[in-house]
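The sequence lines fix the lettering, A, B, ..., with proteins before strands; numbering per chain opens at 1.
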2 protein chains.
Amino acid sequence: MSFFLKLKKLDFSTGNEPVVVINEKEAEFYGVIPGDRIQLTWNNKLKRIAEVRTTASKVKPGEIGLFKELWNKKDIQIKNDVVEVEIVSRPPSIQAIRKKLFGKKLDYQEIYSIIKDIVDDRLSEIETTYYVASSYLRDYTLDELYYTSKAVAETGEMLNLNVPAVDKHSVGGLPGNRTTMIVVPIVSSLGLYIPKTSSRAITSPSGTADTMEVLAPVTFSMSEIKKIVKKVHACMVWGGGVNLAPADDKIVRLTRPLGIEPYDKMIVSIMAKKVAMGVDYLVLDLPVGPTTKIPKNKFADEIEKKFIFLGKKFGMKIKVIRTPSYEPVGRGIGPALEARDVLRVLQQKDLRPIDLENKAVKLAGYLLELADYCKVGRGAKIAQRQLASGDADRQMKKIIEAQGGNPEIDSDEVALGALNYEIHAKKSGRVIFINNRAINEICVNLGAPTDKIAGIHMHVHYRDKVRVKDKLFTLYAQSQDRINLALKALEKNSIVEIK
Amino acid sequence: MSFFLKLKKLDFSTGNEPVVVINEKEAEFYGVIPGDRIQLTWNNKLKRIAEVRTTASKVKPGEIGLFKELWNKKDIQIKNDVVEVEIVSRPPSIQAIRKKLFGKKLDYQEIYSIIKDIVDDRLSEIETTYYVASSYLRDYTLDELYYTSKAVAETGEMLNLNVPAVDKHSVGGLPGNRTTMIVVPIVSSLGLYIPKTSSRAITSPSGTADTMEVLAPVTFSMSEIKKIVKKVHACMVWGGGVNLAPADDKIVRLTRPLGIEPYDKMIVSIMAKKVAMGVDYLVLDLPVGPTTKIPKNKFADEIEKKFIFLGKKFGMKIKVIRTPSYEPVGRGIGPALEARDVLRVLQQKDLRPIDLENKAVKLAGYLLELADYCKVGRGAKIAQRQLASGDADRQMKKIIEAQGGNPEIDSDEVALGALNYEIHAKKSGRVIFINNRAINEICVNLGAPTDKIAGIHMHVHYRDKVRVKDKLFTLYAQSQDRINLALKALEKNSIVEIK
């Protein structure tokens with residue numbers, strides 16, 4: 001239905017989309033809200049689409065104010081003229097959100113319209129929240145999970161290598177755990193393509209992108225990424241540097257106030273990014289344990305089932321690995337300390353953390369088998385050989401160089417220049433609990449990830465026997481202030497429990 | 001879990017609640033968002049609660065900036081000091097919203113915590129949207145409907161008359177339909193108490209409050225309302241003038257972007273206001289018809305069932321009346337034209353709209369019977385007698401006077417001073433459709449409700465026979481511009497269909 005308003009020139013300009021201004025009281029009557037698009041018709045012929053703003057005073061009821069973009073045009077008559085105003089239907093995505101809220105299933109077109117409008121800012125935060133809310137209320141159907149992952153991938157940039165690509169992904173929540181930076185050089189040293197994107201830390205002391213950044217730049221455009229991967233078969237870059245699955249970031253921000261991320265949302269986020277990067281073979285590492293994102297095996301069952309389904313739909317072979325997790329993987333937590341661990345493994349130093357090496361070799365092995373590089377049961381041995389022979393280390397140097405870092409860096413140079421402070425056992429006994437959450441929080445107190453050097457180096461493992469005065473862990477920071485903050489925090493929150 | 005930050009004085013003041021500022025990056029790690037409350041502890045003893053703001057640059061990571069309210073206090077040591085920061089748990093209402101989102105039922109305490117936090121602005125718009133979203137996804141249980149109505153009533157102002165009170169309510173969507181202004185003087189002329197609050201127009205040319213305002217002021221405090229009702233047994237005031245069910249307004253605003261109000265929300269909104277006004281007997285008028293809020297009888301069945309349940313819970317006797325509705329009730333639409341109709345009925349003028357009188361008499365009759373003023377079957381006769389005897393008119397004068405209006409106003413004086421324009425039939429035939437939505441929209445084009453005088457006076461009824469050139473309706477407005485806008489709109493949208 002349409003209504004009629006008297007034209008008024010306004011001396012404003014957007015330089016962009018035409019804008020009209022309606023009195024806010026009048027707008028309310030017609031159910032028009034700021035941001036709506038309306039169609040103006042002059043003399044039943046000339047038509048223009050414009051975006052609505054409202055005003056309490058600048059435009060009187062019964063009038064419609066036109067920005068310069070509209071009245072500047074020669075063909076538009078303004079003087080004492082009246083225009084017909086029709087509300088262009090709200091974006092179809094609003095209809096789809098309503099449908100979803102009322103518990104109906106959505107098809108691909110509907111889900112795509114929502115995701116596309118989120119990306120293009122055509123939905124308000126409130127409207128988007130209604131959409132996000134619908135995913136808390138009931139699980140997606142498997143089809144909806146597929147449609148959503150596809151739409152989130154396709155509304156962002158995509159990499160097309162024209163060759164089969166492999167990838168590994170660890171679900172977060174575990175300190176250290178920098179297997180990526182060992183798996184990538186191992187499998188790419190064998191000729192496989194692995195275009196790896198990682199995130200920066202959000203609620204942890206370091207993301208893989210932060211750790212890699214100790215060794216080389218990680219922010220590249222999609223065409224630069226393509227060049228790097230074509231050249232050295234691999235990259236380790238920051239996903240946020242390209243427009244990868246942009247809807248995901250906007251949705252994540254709206255889930256923060258509630259403090260919970262539904263698993264379905266996490267699954268969509270991971271799958272969409274893998275699809276966008278053109279991954280064909282994926283090993284997915286699900287750490288299961290009391291202080292990880294997945295505390296129980298039954299949740300892991302559900303997640304695995306959904307990934308396998310999605311893999312089939314996208315033509316992606318997926319192998320899900322579960323790792324029972326009670327402590328950090330590796331000894332360092334914080335960008336530089338983790339990078340030192342990684343280099344020690346690649347350079348096969350005596351001091352290298354064997355747990356990190358073993359986990360990386362296992363994951364690399366599964367990936368080799370999944371991608372039919374070798375028979376099942378052979379992967380880990382091949383991966384181990386690449387480490388022992390130095391091939392993985394040489395490949396890492398090529399990747400670092402291709403990304404503009406210094407390939408000649410030695411593991412012992414990475415974490416120099418920090419103040420450090422050792423924490424010793426107050427009694428003898430066995431390590432019965434390591435508090436991953438406390439490690440993360442104290443590392444942040446020490447300044448990670450902004451201070452690359454800040455963090456914790458663990459000297460003990462879960463179930464180790466320790467004697468009084470044994471070193472438990474070392475704090476690293478750039479200033480005594482930071483060390484003091486961490487010491488205060490340690491009075492409250494214990495990291496290592498001995499009994 | 002707590003963390004430690006170094007204190008920094010900031011030369012800012014709120015004059016109100018203590019505020020601390022944390023670096024936004026650091027805040028993100030700890031999951032603290034602006035508006036969260038945290039507890040600061042000095043030396044394990046002194047504690048303060050403060051509200052968090054975040055900054056990109058004013059405060060460095062590892063520091064916490066204190067507003068003057070905090071560091072001004074003698075007992076707080078600032079110099080080089082470190083403070084322990086604990087996040088005071090998010091409002092319990094967030095937990096309740098999460099629970100509801102995951103499909104669990106809420107008890108009264110939980111619902112109260114949500115509603116109270118909405119009223120007190122302790123929940124953000126995004127958080128409140130999650131709550132509102134949950135009511136789209138599935139109906140409230142009857143208990144939840146009760147708890148919500150109770151909480152919405154009790155978190156606002158309430159009227160306590162200490163005498164039994166009656167009320168009538170018409171669900172909106174029908175033009176004209178000003179039965180309230182006839183029912184109220186009829187039943188109060190018989191000694192019943194009827195403390196009536198009404199709304200202003202939101203998406204229509206006039207609300208009852210707008211129409212009553214033609215005759216007297218309608219904005220009063222709760223204590224003024226109490227005085228008026230004690231004196232003349234009745235009032236007809238604007239509900240928005242008191243803090244009546246304030247959560248409702250905030251929730252309504254968030255449902256606008258989706259363009260649908262769930263029936264359960266409407267039920268809560270009506271019940272909460274009746275409970276707040278201390279109503280004991282309620283006649284509820286549900287207009288059912290193609291262009292009303294309730295297009296089908298099956299929706300009316302559901303709504304009736306829920307109101308009857310709620311009535312029992314609140315100890316309120318409720319009678320639900322359905323009126324099949326195909327056209328405006330009365331002849332005038334727009335504040336002054338409706339007020340003229342009302343006065344013509346009360347003053348029993350020959351020109352009075354009989355449909356409006358009949359509907360009002362019927363509703364008043366039901367109300368008298370429901371409140372045990374008379375036997376069932378007698379109410380309408382008594383109501384009709386009050387009109388015929390002039391008692392209702394004399395009572396209306398008392399109410400107008402008590403609210404500060406001119407009690408001597410005559411019906412014919414109300415709508416003077418406007419331009420008008422008659423619309424005639426272009427052919428002979430029968431009126432087969434009257435478009436209520438088009439009436440509402442064209443009245444707004446004419447300037448209603450801001451221009452009290454603006455609106456439409458109908459000369460024909462649904463199913464009337466008309467001859468070519470018969471008057472169909474008259475447009476009223478303050479200016480020729482407005483008449484012209486309406487004429488343009490009428491070229492597109494027909495109000496009366498003749499066949």
Side chain, backbone, both or neither: which part of [X] has a heavy atom under 4.5 Å from chain A?
X        : result
B/Asn445 : both
B/Ile442 : neither
B/Ala448 : backbone
B/Pro449 : both

Which of A/Gly103, A/Pro262, A/Pro61 touches chain B most, by non-hydrogen pairs under 4.5 Å
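So the answer, after comparing A/Gly103, A/Pro262, A/Pro61, is A/Pro61.
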Under a 4.5 Å cutoff for heavy-atom pairs, which residue among A/Leu446, A/Leu487, A/Thr450, A/Asp481 has the most contacts with chain B?
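Looking at each of A/Leu446, A/Leu487, A/Thr450, A/Asp481 in turn, A/Asp481 comes out on top.
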Hey, what do you get for [atom1] ([X]) to [atom2] ([Y]), rounding to the nearest 0.5 Å?
X        : Y        : atom1 : atom2 : result
B/Phe4   : A/Arg482 : CZ    : CZ    : 14.0 Å
B/Phe3   : A/Lys488 : CZ    : NZ    : 15.0 Å
A/Thr129 : B/Glu127 : OG1   : CD    : 10.0 Å

Where on A/Glu84 is there a heavy atom nearer than 4.5 Å to chain B: the side chain, the backbone, both, or neither?
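Contact with chain B is through the side chain of A/Glu84 alone.
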Based on non-hydrogen pairs under 4.5 Å, which of B/Thr128, B/Leu101, B/Ile126 is most in contact with chain A?
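Of the options given, most contacts go to B/Leu101.
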Return yes when atom [atom1] of [X] has more than 12 non-hydrogen atoms of other residues, nucleotides or ligands closer than 6.0 Å, and no otherwise.
X        : atom1 : result
A/Lys60  : NZ    : no
B/Lys58  : NZ    : no
B/Tyr421 : OH    : no
B/Lys105 : NZ    : no

Where do B/Lys6 and A/Leu485 come nearest, in terms of heavy atoms and distance?
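For B/Lys6 and A/Leu485, the tightest heavy-atom pair comes out as N-CD2, 3.8 Å.
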At their closest point, which heavy atom of B/Tyr130 faces which heavy atom of A/Leu254, and how far apart are they?
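Nearest heavy atoms, B/Tyr130 then A/Leu254: OH-O, 2.9 Å.
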